[in-house]
Q: 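Once you've had a glance at the structure underneath, I'll fire off some questions.
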2 protein chains.
Amino acid sequence: MAKRKETSTNHINREKISGVCGVAHAIDILAGRWKLFILYKLVNRTLRFSELKEHIPNITDRMLTLHLQELEAEGLVSRTVYAEVPPRVEYSLTEIAARLIPVWDQLNEWGHQHRNSRLQR
Amino acid sequence: MAKRKETSTNHINREKISGVCGVAHAIDILAGRWKLFILYKLVNRTLRFSELKEHIPNITDRMLTLHLQELEAEGLVSRTVYAEVPPRVEYSLTEIAARLIPVWDQLNEWGHQHRNSRLQR
DNA sequence: TATGCAACACACAAAATTGTAAGTAATGGC
DNA sequence: GCCATTACTTACAATTTTGTGTGTTGCATA
């Protein structure tokens with residue numbers, strides 16, 4: 001999550017695969033532990049750092065910060081800083097992140113189907 | 001990938017999140033480095049271990065084995081062993097994995113859109 | 001002057017994933 | 001007997017992700 005070693009085989013494989021396949025690329029940038037949770041909370045509303053923290057049980061400052069930074073770097077979340085003390089920073093979805101929402105619905109249904117199918121064993 | 005420590009905070013958070021959210025669950029089981037590649041290669045056909053290896057550049061025996069085992073454990077891939085020597089093992093998609101395909105198409109398009117939008121910076 | 005707040009940063013540790021480099025088993029052909 | 005073949009396994013190392021705990025900043029209020 002922090003810095004990645006750009007010469008590692010791992011990194012090279014990652015780039016090569018998600019450079020070719022859109023699905024792999026999408027999953028790659030959505031796969032952090034808390035990322036979907038964060039994005040989901042931001043659907044249709046803007047929240048500040050502390051509000052996200054309240055909405056997401058068990059997340060720590062550090063994890064929220066890291067994931068928000070990556071989401072911002074990937075252009076999925078926009079960050080607005082207000083020059084106040086104590087600081088106020090607001091996060092919201094970008095346009096391209098919002099375009100994910102209809103896909104989510106289907107993936108969500110598939111996920112539930114899959115989970116249910118496993119419970120029957 | 002090997003064994004996970006079931007008492008770790010990480011593991012508990014994973015379970016809690018993907019137990020509630022279908023998307024998180026889906027992404028969780030699809031997020032291995034080579035998983036999508038493997039699944040993609042199996043669409044509409046059955047392949048044996050060595051064929052998969054040929055189709056997927058740079059993958060190692062170990063990675064292919066591990067990912068196939070997880071995919072099988074998640075019910076996305078079915079494994080058929082033929083009692084021959086040298087061994088022959090064939091892999092194919094399960095019905096629930098096949099249900100992913102239409103979702104892939106959309107996620108794929110989103111992934112490409114997102115990647116292109118990044119290139120313009 | 002001391003304290004609290006919000007949104008981080010930093011150092012470090014633990015856990016999980018990925019990669020590398022060896023084996024291994026059973027059998028048919030030489 | 002010796003070797004080649006296929007689908008793995010094992011031991012280990014490197015990398016990446018996640019978690020824990022503490023420190024920082026600048027201003028307002030007590």
Side-chain angles (χ1 to χ4, degrees), chain A residues 1-18 24 27-38 47-54 56-72 77 79-91, chain B residues 1-18 24 27-38 47-54 56-72 77 79-91:
Chain A
M1 207 80 178
K3 284 145 204 162
R4 290 164 188 158
K5 186 171 179 181
E6 309 224 331
T7 58
S8 70
T9 306
N10 182 355
H11 185 264
I12 292 166
N13 286 336
R14 182 212 303 263
E15 299 266 287
K16 193 171 298 180
I17 294 172
S18 63
I27 297 227
D28 203 42
I29 64 182
L30 294 174
R33 173 70 66 248
W34 307 94
K35 280 188 188 155
L36 286 168
F37 215 140
I38 294 171
L47 292 175
R48 54 190 296 190
F49 189 90
S50 55
E51 289 171 321
L52 278 168
K53 227 168 62 174
E54 289 164 21
I56 305 178
N58 300 326
I59 199 171
T60 62
D61 276 24
R62 172 170 154 76
M63 278 299 111
L64 185 50
T65 302
L66 274 180
H67 281 108
L68 282 171
Q69 285 171 351
E70 288 214 337
L71 289 171
E72 196 195 355
V77 148
R79 193 176 101 109
T80 312
V81 184
Y82 296 87
E84 304 173 359
V85 170
R88 180 160 63 101
V89 181
E90 291 189 344
Y91 293 92
Chain B
M1 208 81 176
K3 285 144 202 162
R4 290 163 188 159
K5 187 171 179 182
E6 309 224 331
T7 58
S8 69
T9 306
N10 182 359
H11 184 264
I12 292 165
N13 285 336
R14 182 212 304 262
E15 299 267 285
K16 193 172 299 179
I17 293 172
S18 62
I27 297 230
D28 204 41
I29 65 181
L30 295 173
R33 171 73 65 248
W34 307 93
K35 280 187 189 155
L36 287 168
F37 215 141
I38 294 171
L47 292 176
R48 54 190 297 190
F49 189 90
S50 55
E51 290 171 320
L52 278 168
K53 227 168 62 175
E54 288 163 22
I56 305 177
N58 300 325
I59 198 170
T60 61
D61 276 25
R62 173 170 154 75
M63 279 299 111
L64 184 51
T65 302
L66 274 180
H67 281 108
L68 281 170
Q69 284 172 349
E70 289 215 336
L71 289 170
E72 195 195 356
V77 148
R79 194 176 100 110
T80 313
V81 183
Y82 296 87
E84 305 173 357
V85 170
R88 180 159 63 101
V89 182
E90 291 189 343
Y91 293 92

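Note on naming: letters A, B, ... go to the chains in the order of the sequence lines (proteins, then strands), and numbering restarts at 1 for each one.
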Q: Using a 4.0 Å heavy-atom cut-off, does B:S50 contact any base of the nucleic acid, only the sugar-phosphate backbone, or nothing at all?
A: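 Sugar-phosphate contact only.
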Q: On the side chain of A:R33, is there an atom forming a donor-acceptor pair with the base of D:dT17 - under 3.5 Å, no angle test?
A: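 Donor-acceptor pair under 3.5 Å: no.
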Q: To the nearest angstrom, how far is A:M63 atom CE from C:dC12 atom P?
A: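 Going from CE in A:M63 over to P in C:dC12 covers 17 Å.
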Q: Which part of the nucleic acid, if any, lies within reach of B:N10 when heavy atoms closer than 4.0 Å are counted: base, sugar-phosphate only, or nothing?
A: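 Sugar-phosphate: the residue B:N10, judged by heavy atoms under 4.0 Å, touches backbone atoms but no base.
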Q: Taking all heavy atoms of B:A31 and all of A:A31, pick out the closest pair and write down the distance.
A: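 Of all heavy-atom pairs spanning B:A31 and A:A31, the closest is CB-CB, 4.1 Å.
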Q: Is the distance from OP1 or OP2 of C:dG19 to the nearest side-chain N or O of A:N13 less than 4.0 Å?
A: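 Checking A:N13 against C:dG19: at least one side-chain N or O falls below 4.0 Å of OP1 or OP2.
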Q: Quick check: on DNA chain D, is the nucleotide nearest B:D61 upstream (toward 5') of the one nearest A:R14, or the reverse? Name the residue that is more 5'.
A: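 The residue mapped nearer the 5' terminus is B:D61.
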Q: Nearest whole angstrom, please: distance from the P of C:dT18 to the NZ of A:K16.
A: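 Whole-Å distance recorded here is 17 Å.
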Q: Figure out the CG/P separation between A:N58 and D:dG19, and round it to whole Å.
A: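 In whole Å, D:dG19 P and A:N58 CG are 9 Å from each other.
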Q: Phosphate oxygens OP1/OP2 of C:dA6: is one of them under 4.0 Å from a side-chain N or O of A:Y91?
A: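 The answer is no; no side-chain N or O of A:Y91 sits under 4.0 Å from OP1 or OP2.
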Q: Would you classify A:E6 as touching base, sugar-phosphate or nothing, given that sugar-phosphate means primed atoms plus P, OP1 and OP2, and contacts are heavy atoms under 4.0 Å?
A: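 Here A:E6 touches no strand at all.
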Q: Without decimals, in angstroms, what is the distance between A:L68 CG and D:dT18 P?
A: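 Taking CG of A:L68 and P of D:dT18, I get 14 Å after rounding.
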Q: What's the closest nucleotide to the B:K5 side chain, out of C:dA16, C:dC8, C:dA21?
A: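 The listed nucleotide nearest to B:K5's side chain is C:dA16.
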Q: Any non-hydrogen side-chain atom of B:L52 less than 4.5 Å from a side-chain atom of B:L68?
A: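 Heavy-atom side-chain distance check passes, below 4.5 Å.
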Q: With B:S18, which of B:D28, B:I27, B:N13 fulfils side-chain contact (heavy atoms from CB on, under 4.5 Å)?
A: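 Among B:D28, B:I27, B:N13, the one meeting side-chain contact (heavy atoms from CB on, under 4.5 Å) with B:S18 is B:D28.
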Q: Can you figure out which of D:dC12, C:dC8, D:dG21 approaches the side chain of B:R62 most closely?
A: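 Output: D:dC12.
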Q: Are the side chains of A:N58 and A:W34 in touch, meaning some heavy atoms are under 4.5 Å apart?
A: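 Heavy-atom side-chain distance check passes, below 4.5 Å.
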Q: Rounded to the nearest Å, what distance is computed from the CG atom of residue A:L64 to the P atom of nucleotide C:dA7?
A: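 These atoms are roughly 10 Å apart.
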Q: Restricting to non-hydrogen atoms, name the atom on A:A24 and the atom on A:I17 that form the minimum distance, rounded to 0.1 Å.
A: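 In terms of heavy atoms, the two residues are closest at CB-CG2, 3.8 Å.
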Q: Please identify which of these residues, B:K35, B:R79, B:K3, meets the salt bridge (Lys or Arg N to Asp or Glu O under 4.0 Å) condition with B:E70.
A: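 With B:E70 as partner, B:K35, B:R79, B:K3 yield a single salt bridge (Lys or Arg N to Asp or Glu O under 4.0 Å), made by B:K35.
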Q: Taking only the side-chain nitrogens and oxygens of A:R88, find out if one of them lies under 4.0 Å from OP1 or OP2 of C:dC8.
A: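 Looking at the OP1 and OP2 atoms of C:dC8, neither is under 4.0 Å from any side-chain N or O of A:R88.
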Q: D:dT9, OP1 or OP2 - any side-chain N/O from B:Q69 closer than 4.0 Å?
A: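 B:Q69 to D:dT9 OP1/OP2: side-chain N or O found under 4.0 Å.
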Q: What heavy-atom pair brings B:H11 and B:R4 nearest, and what distance separates the two atoms?
A: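 Looks like CD2-CB, 4.3 Å.
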Q: I need the CG-C1' distance between A:L66 and D:dG19, as an integer number of Å.
A: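 Whole-Å distance recorded here is 11 Å.
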Q: For a quick test of reading the model: is some side-chain N or O of A:T9 closer than 4.0 Å to OP1 or OP2 of C:dT20?
A: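 The answer is yes; a side-chain N or O of A:T9 sits under 4.0 Å from OP1 or OP2.
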Q: Report which part of the nucleic acid B:S8 touches: base, sugar-phosphate, or nothing (heavy-atom distance under 4.0 Å, all strands).
A: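 If one applies the 4.0 Å heavy-atom cut-off, B:S8 turns out to touch the sugar-phosphate alone, with no base involved.
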Q: Would you mind telling me which of D:dT18, D:dT6, D:dT17 lies closest to the side-chain atoms of B:R48?
A: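 It is D:dT6.
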Q: I'd like to know if A:R4 reaches the base of D:dT15 with its side chain such that a donor and an acceptor end up less than 3.5 angstrom apart.
A: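 Result: no qualifying N/O pair found.
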Q: Using a 4.0 Å heavy-atom cut-off across all strands, classify B:Y82 as base, sugar-phosphate, or nothing.
A: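 Contact class for B:Y82: none.
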Q: Establish, with yes or no, whether the OP1 or OP2 oxygen of C:dT18 is under 4.0 angstrom from a side-chain nitrogen or oxygen of B:H67.
A: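 Checking C:dT18 against B:H67, a side-chain N or O does come within under 4.0 Å of OP1 or OP2.
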Q: Can you measure B:K53 atom NZ to C:dG19 atom P for me and round it to whole angstrom units?
A: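 So the NZ-P distance, B:K53 to C:dG19, works out to 15 Å.
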Q: Rounded off to whole Å, could you give me the CD-to-C1' distance for the B:E84 and C:dA26 pair?
A: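 About 13 Å, once rounded to whole Å.
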Q: Have a look at B:E90 and say if it touches a base, only the backbone sugar-phosphate, or nothing, with a 4.0 Å heavy-atom cut-off.
A: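 No contact.
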Q: If you find the nucleotide of DNA chain C closest to B:V85 and the one closest to B:H11, which residue's nucleotide is nearer the 5' end?
A: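 Final value for this comparison: B:H11.
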